[in-house]
Amino acid sequence: MNWLLAVIAAAILGFRAYLLWSNRNERGWKWWAGWVVPVFAGIVLLAELGSLIEIKKFIGHLLMPAGLAWLGLAGAVTWSALRRQRGLAILCGCVFVLYSLAGNAWIGGLLIRSLERGTAPVDIAKLADHGPEQFDVVCVLGGGTDRAPDGRAEASVGGDRVVMAAQLFLAGKSRALVSSGSTVDGMELKRDLAEETAAIWRGLGVPGEAIVTLPGPRVTSEEIAAYRAERKERMWTRVGLVTSAWHMPRALRLCRRAGLDVVPIPCDFRGSVPGWSLVWLVPQERGFQRVQLAMWEYLGLLTGS
């Protein structure tokens, strides 16, 4: 990438556009022809900052609802500033900045990465430090499944939780698996998340007698309490806990509060930060989803829930 050429093109674009705007009251043919220079400089700038595919994707994201709202906010800031409505310009500017941060993929990746700091992917082969069955049981927090249109259970975006537990069992690292969770009435259609997880496990070859389902809990704190009660009843000694890496800090805090000693087994890492591209400047689903996910976890850590 020729950064020098990009900087020169940006300078020409900005200076020429400023001159044209300063003489906007004299819109003769020379004024319109003068836009050839900044338009050409803009094309060169885009060509230097990204490939043709990137530019197409950048424009495509601008045309999506989130992109159009972003452009609308930018337009509102510009319009209010030109009309010298300072208060409105500041308000629109604050909303624009907040919206840009809330939907930024770089910010979202960094926030998730901050939650995942201190956790590392688990090498299943290295878990057998003292025997083929390291865990009496491995508990998996709900949230890794969904329902297909025909009613079958399937792995969701957090399905790595379900797969990780099955791999541990099939590799002989655990005697049993525990699935838990159900949806909250009124928020979603009623679903037994514990049974959905168990159904996927059975399909992967885990025998039904090695699976314990706890469908009652609806939130993480209730799941932890259910694990603690089940452990006491069944006399489990070594317990593994599988959940998403970004959720692990809050889950471990709840375990400590409940007096439940577990071995963390993180998975479903999402703290990747995308490289430089025009595409990621536009607020989009990847940014909104990760920013909200991280802020939800931090809120839970702050409130202790």
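Small disclaimer: the values here were computed from a predicted structure and weren't measured. Quick note: residue numbers are just sequence positions, from 1.
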K.L.:
Any luck finding a side-chain donor-acceptor pair between Glu195 and Thr213 under 3.5 Å?
P.N.:
no

K.L.:
Hydrophobic clusters join Ile, Leu, Val, Met, Phe, Trp and Tyr when side-chain heavy atoms are under 4.5 Å apart, directly or via other members; which others share one with Val262?
P.N.:
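Result for Val262 is Val137, Leu141, Val178, Val212, Leu214, Ile224, Tyr227, Trp236, Val239, Leu241, Met248, Leu252, Leu254, Leu260.
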
K.L.:
Would you please indicate if the ring centroids of Trp246 and Trp296 are separated by under 6.0 Å?
P.N.:
no

K.L.:
Is Arg238 salt-bridged to Asp136, going by a charged N under 4.0 Å from an acidic O?
P.N.:
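No, no charged N to carboxylate O under 4.0 Å.
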
K.L.:
By the salt bridge (charged side-chain N to carboxylate O under 4.0 Å, His left out) test, which pairs, at least two apart or in different chains, include something from residues 66-93?
P.N.:
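Every pair satisfying salt bridge (charged side-chain N to carboxylate O under 4.0 Å, His left out) with a residue in residues 66-93: there are none.
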
K.L.:
For residues Thr243 and Ile265, determine if any side-chain heavy atom of one lies less than 4.5 Å from a side-chain heavy atom of the other.
P.N.:
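No, every pair of side-chain atoms sits at 4.5 Å or beyond.
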
K.L.:
May I ask you to test the Trp280-Val273 pair for a side-chain heavy-atom distance under 4.5 Å?
P.N.:
no

K.L.:
Does atom CZ (Arg228) have a neighbourhood of more than 12 heavy atoms from anything else shown, all under 6.0 Å?
P.N.:
no

K.L.:
Take a 6.0 Å sphere around CD of Gln292 and say whether it holds more than 12 heavy atoms from other residues, nucleotides or ligands.
P.N.:
no

K.L.:
Establish, from distance only, whether the side-chain atoms of Thr145 and Glu196 form a donor-acceptor pair under 3.5 Å.
P.N.:
yes

K.L.:
Looking only at non-hydrogen atoms, find the nearest pair between Pro266 and Thr119 and report the distance.
P.N.:
CG-CB, 4.1 Å

K.L.:
So do Trp201 and Val163 actually touch side chain to side chain, heavy atoms under 4.5 Å?
P.N.:
no

K.L.:
For a 4.5 angstrom cut-off between non-hydrogen side-chain atoms, does Ser114 reach Leu110?
P.N.:
no

K.L.:
Pairing donors with acceptors under 3.5 angstrom, does anything connect the side chains of Asp146 and Ser156?
P.N.:
no

K.L.:
May I ask you to test the Trp70-Leu62 pair for a side-chain heavy-atom distance under 4.5 Å?
P.N.:
yes

K.L.:
When the aromatic ring centroids of Tyr99 and Phe288 are compared, is their separation below 6.0 Å?
P.N.:
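Centroid separation for Tyr99 and Phe288: below 6.0 Å.
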
K.L.:
Keeping to residues at least two apart or across chains, list the salt bridge (charged side-chain N to carboxylate O under 4.0 Å, His left out) pairs with something in residues 148-170.
P.N.:
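Qualifying pairs: Asp150-Arg152.
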
